[in-house]
Structure formats: C-alpha cells, structure tokens
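Encoded as structure tokens, the structure appears first; notes follow it.
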Amino acid sequence: MSGFSPHSPLRAWWSRRRPAAGAAVMATGIISVGLDLTGHETLSRIALVLGCAAWLGLAAEFAAGLLRERARWAADAGTPGALTAVAATTVLGTRLSASGRQTLAEALLALSALLWPVLTVLVVRHWKRRMPGGVFLCCVATQGLAVLCATLAAAESAAWLAHTALVLFWLGLVLYGVALARFDLRQVLEGPGDQWIAGGALAISALAGSKLLAADSARLYLWNDDDHGVLRAVTVALLVLDLAWYAVLLVAEGVRPRPRYDVRRWATVFPMGMTAIATLLVSATVDVPWLRTPGEVLLWISVAAWLAVAAGTVGSALAAVRSTAPR
C-alpha cells in the first residue's frame, strides 16, 4: 500500500498519466474479447482480470479526484482522454456479458450511460481546430455504448435496448464526421500513438453495426429487409474504411518510426485490437468466412503490440520510482 501513498513516486507517475491511461483498460479489454472469440479462454480471462483491476484503479482515482481535487478533475474531464472512462467501461461490460455476467454488464451500462452525456458535453465544449487523434474518442465512447446495448439486447431479448443502440450507432457516425473535420492530418505522421483512434473509431462503429445485425431474431424482429440491407451495407463499408486507415497508419509508422514509449501508445493497441474484433464479427455476421483468417492475424498483431506497450509501461514506472528514490 505504501507504493500508492499520496506522495509516493508511483502515485505521482500514475497521476501524470490520467485520464489517458484509460486507453490501457480499453486495449486490455478488447484483447480479452478477441481471445475469447478465437477460443483462447484462459488467456482471455487473464486479460479480463488485468483489465478489471486497472479499471478499478482508474475508478478509484476518478472518484478521489471528484471528491478531493475538483479543479483538477474538471480540467481532466474537459480533455478527450476523459471519454476513455466511458469507452473502457463499455468494453469491459461487453466482455462480461459474453461470459454470462449480465447483471454486472447491466451495471456497467448504467454507469457508462450516466457518464457519457456529462463527459461528452465537457469534452466537446473544449474542442478546437487541428485536434490530435483523441478527438475521435467522442465517437468511440458513443459506439461503445451502442455495442454494449446491442450485446445486452441479444442476450436478454430486449428490443428497446437494440433500438437505443441503433440511435447511438447513427449518432456515433455523425460525431465521427464532426471529429474528422477537426482532426489534424499531420498527426498521421507526427502523432505519438493516439492518431490510430481515427481508424479505431471506424472499427468500433463496424462492430456496433455487426452487433445490431446479430441482435435481430424471429422473436424480436427488429429490422425489416430494407433496414437490414442498409445496416449490412454500412457495416461492411465501415470495416473497409477502417482497414484502409489501418494500412495508412501502418505505412506512416514505417515512414516515420516513433519507437520511444508514450502512454498514448495504448491508444494504438486499442484500435489494432478493435480492428481485429470487427473483422472477426463482421465475417460471422455478414457470412464472409474468408475474413476470419485476416481477423485472427490482426488479433495476434494486437496482442504483440499489447505486450510491447505493457513492457514500456512497466519500464516507465520503474524508472520513475528509481529517479525519486533516496540516494
């Protein structure tokens, strides 16, 4: 416990990385989802435990900041990284729902639904021209809610949740367009990691579309043929656009390598993992079986990226502790 005392080096290191560190929970949660989809249950559960532990730590910091450091909390809440609180919560809720823990998933949905409008308004009010990749988190958080709503709609045969998810899905696409207009395209070559969210936002949008398609059934009859056709076409188009962004961003990393560790590299891992999950689920939903193999390849690439960034995080924390240790 002493390592996390109010004046400890580790606590100081951690506090400087709020709230962007929420991307680590998002990345870990989505890796858990992907490993579960591909049948690696043990690895998936390990990732889920790590993600839940990190989420609890961030939740404690969020609550402590609200109670003790309201000025700093308000400043953090106005930054794009604040929306990782919503996105991380919905990702974990989606994974827990897949494990059959519907009550926990519902609780996380309720929490994220409470946070989403407050944080979205605070963040959007501070938007300006030429924003970094974090500007797309408004879309990611909205589509995260759509994914969790659609997931629970299918699990509990709740049509109202599916219809809510559909509204959020379209709203998320509108927010993506607005964010794209404010995104500084130079970040593709210069960004420290969060530029990948430009593609990750499309990936989670494609995932939301596939979840909406999968939620339909003879019992619920959510969409007629026209609705189904539009959803299917938009979902496939979103995945294609996401894969195009993936290719562009990957080439940009090769053209201008940025090997030094940055906490915003967690915002690279999440889009990588989300692209893999979207590819796997769109493959199943729209019945394109050949997409499964590329999805699995992309998943293991994202796992490798997760391990590299996790090693960088541990190294950064140890260096911070050593630099302030008594001599």
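The residues of the chain are indexed from 1 along the displayed sequence.
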How would you list, by chain and number, every residue that makes a salt bridge (Lys or Arg N to Asp or Glu O under 4.0 Å) with E156, sequence neighbours excluded?
none
R130: salt bridge (Lys or Arg N to Asp or Glu O under 4.0 Å) partners, not counting sequence neighbours
none
Between W127 and V124, is any pair of side-chain heavy atoms under 4.5 Å apart?
yes
Would you indicate whether the side-chain heavy atoms of D287 and P289 approach each other to under 4.5 Å?
yes
Within this structure, what is the CG-CG distance for the pair D226 and L231, rounded to the nearest 0.5 Å?
11.5 Å
OG1/T235 to NZ/K211 distance, rounded to the nearest 0.5 angstrom?
13.0 Å
Who pairs with E106 by salt bridge (Lys or Arg N to Asp or Glu O under 4.0 Å), at least two apart in sequence or on another chain?
none
Any donor-acceptor pair under 3.5 Å from H163 side chain to A159 backbone:
yes
Can you tell me if R256 uses its side chain to pair, donor with acceptor, with the backbone of E190 under 3.5 Å?
no
Could you report the tightest heavy-atom contact between L281 and S210, atom names first, then the distance?
CB-OG, 3.8 Å
Expected list for residues 294-308: side-chain donor-acceptor pairs under 3.5 angstrom, two or more places apart:
residue	atom	partner	partner atom	Å
E296	OE2	R292	NE	3.2
S302	OG	L298	O	3.4
S302	OG	L299	O	2.5
W306	NE1	T28	OG1	2.9

Apply side-chain contact (heavy atoms from CB on, under 4.5 Å) to the pair I197 and L137, showing each step before the final yes or no.
CA-CA 7 Å; I197 307 175; L137 284 168; 4.1 Å; yes
pair Y261-T313: side-chain heavy atoms closer than 4.5 Å
yes
Is there a chain of hydrophobic side chains (I, L, V, M, F, W, Y, each step under 4.5 Å between heavy atoms) that links V248 to L243?
yes
Of the non-hydrogen atoms in V140 and M26, which two are nearest, and what is the gap between them?
CG1-CE, 4.0 Å
Can you give me the closest heavy-atom contact between L239 and T279, atom names plus distance?
CD1-OG1, 3.7 Å
Spell out, yes or no, whether L37 and W290 are grouped together once hydrophobic residues are joined by side-chain heavy atoms under 4.5 Å, including indirect joins.
yes
If hydrophobic residues (ILVMFWY) are linked whenever their side-chain heavy atoms come closer than 4.5 Å, directly or via other members, who joins V251 in its cluster?
L189, V255
Just checking, any donor-acceptor pair under 3.5 angstrom between side chains of R101 and S97?
no
Under 3.5 Å: donor-acceptor pair, side chain of S44, backbone of S32:
yes
I need the T89 OG1 to L145 CG distance, nearest 0.5 Å.
9.5 Å
For T293, give me all partners under side-chain hydrogen bond (donor to acceptor under 3.5 Å, both in side chains), at least two apart in sequence or on another chain.
none
Atom pairs and distances, donor-acceptor, side-chain atoms in residues 165-181, under 3.5 Å, two or more places apart:
residue	atom	partner	partner atom	Å
Y176	OH	A198	O	2.8
Y176	OH	W245	NE1	3.1

Distance-minimising heavy-atom pair for A105 and L152:
CB-CD2, 3.9 Å
CZ (R258) with more than 12 external heavy atoms under 6.0 Å:
yes
Rounded to the nearest 0.5 Å, the CG atom of L161 sits from the CG atom of L148 at a distance of 8.5 Å
To the nearest 0.5 Å, what is the distance between CH2 on W196 and OG1 on T268?
7.0 Å
Taking C-beta and beyond as the side chain, do P80 and V135 meet within less than 4.5 Å on heavy atoms?
no
L212 vs W223, test: side-chain contact (heavy atoms from CB on, under 4.5 Å). Steps then yes/no.
CA-CA 9 Å; L212 284 165; W223 331 118; 3.9 Å; yes
Least distance between heavy atoms, R232 atom then L213 atom
CA-CD1, 3.9 Å
Please say yes or no: joined through hydrophobic side-chain contacts below 4.5 Å, possibly via intermediate residues, are V230 and V288 part of one cluster?
yes
From F136 atom CZ to Q143 atom CD, the distance as rounded to the nearest 0.5 Å
13.0 Å
If you apply the rule side-chain contact (heavy atoms from CB on, under 4.5 Å), what do you find for T90 with L109, and how did you get there?
CA-CA 6 Å; T90 60; L109 174 61; 5.8 Å; no
Can you list, pair by pair, the side-chain donor-acceptor contacts under 3.5 Å of residues 116-123, counting residues two or more places apart and other chains?
residue	atom	partner	partner atom	Å
W116	NE1	T120	OG1	3.4
W116	NE1	T142	OG1	3.0
T120	OG1	W116	O	2.6

Check the surroundings of atom CG in N224: do more than 12 heavy atoms from other residues, nucleotides or ligands lie under 6.0 Å from it?
yes
If two hydrophobic side chains count as joined below 4.5 Å and joins carry through other members, does L56 share a cluster with V49?
no
Which atoms form the tightest heavy-atom contact between A278 and A203, and what is the distance?
CB-O, 3.5 Å
Using distance only, find each side-chain donor-acceptor pair of residues 270-277 under 3.5 Å and give its atom names and separation, not counting sequence neighbours.
residue	atom	partner	partner atom	Å
T275	OG1	D242	OD1	3.2
T275	OG1	D242	OD2	3.0
T275	OG1	P271	O	2.8

Let me see the working for Q195 and V188 under side-chain contact (heavy atoms from CB on, under 4.5 Å), right down to the final yes or no.
CA-CA 6 Å; Q195 71 276 11; V188 172; 5.5 Å; no
List for me each residue that meets side-chain hydrogen bond (donor to acceptor under 3.5 Å, both in side chains) alongside H40, sequence neighbours excluded, and say none if there are none.
T38
Across all chains, not counting sequence neighbours, the salt bridge (Lys or Arg N to Asp or Glu O under 4.0 Å) partners of D227 are none
All pairs passing salt bridge (charged side-chain N to carboxylate O under 4.0 Å, His left out) where residues 164-189 contributes a residue, at least two apart:
D184-R186
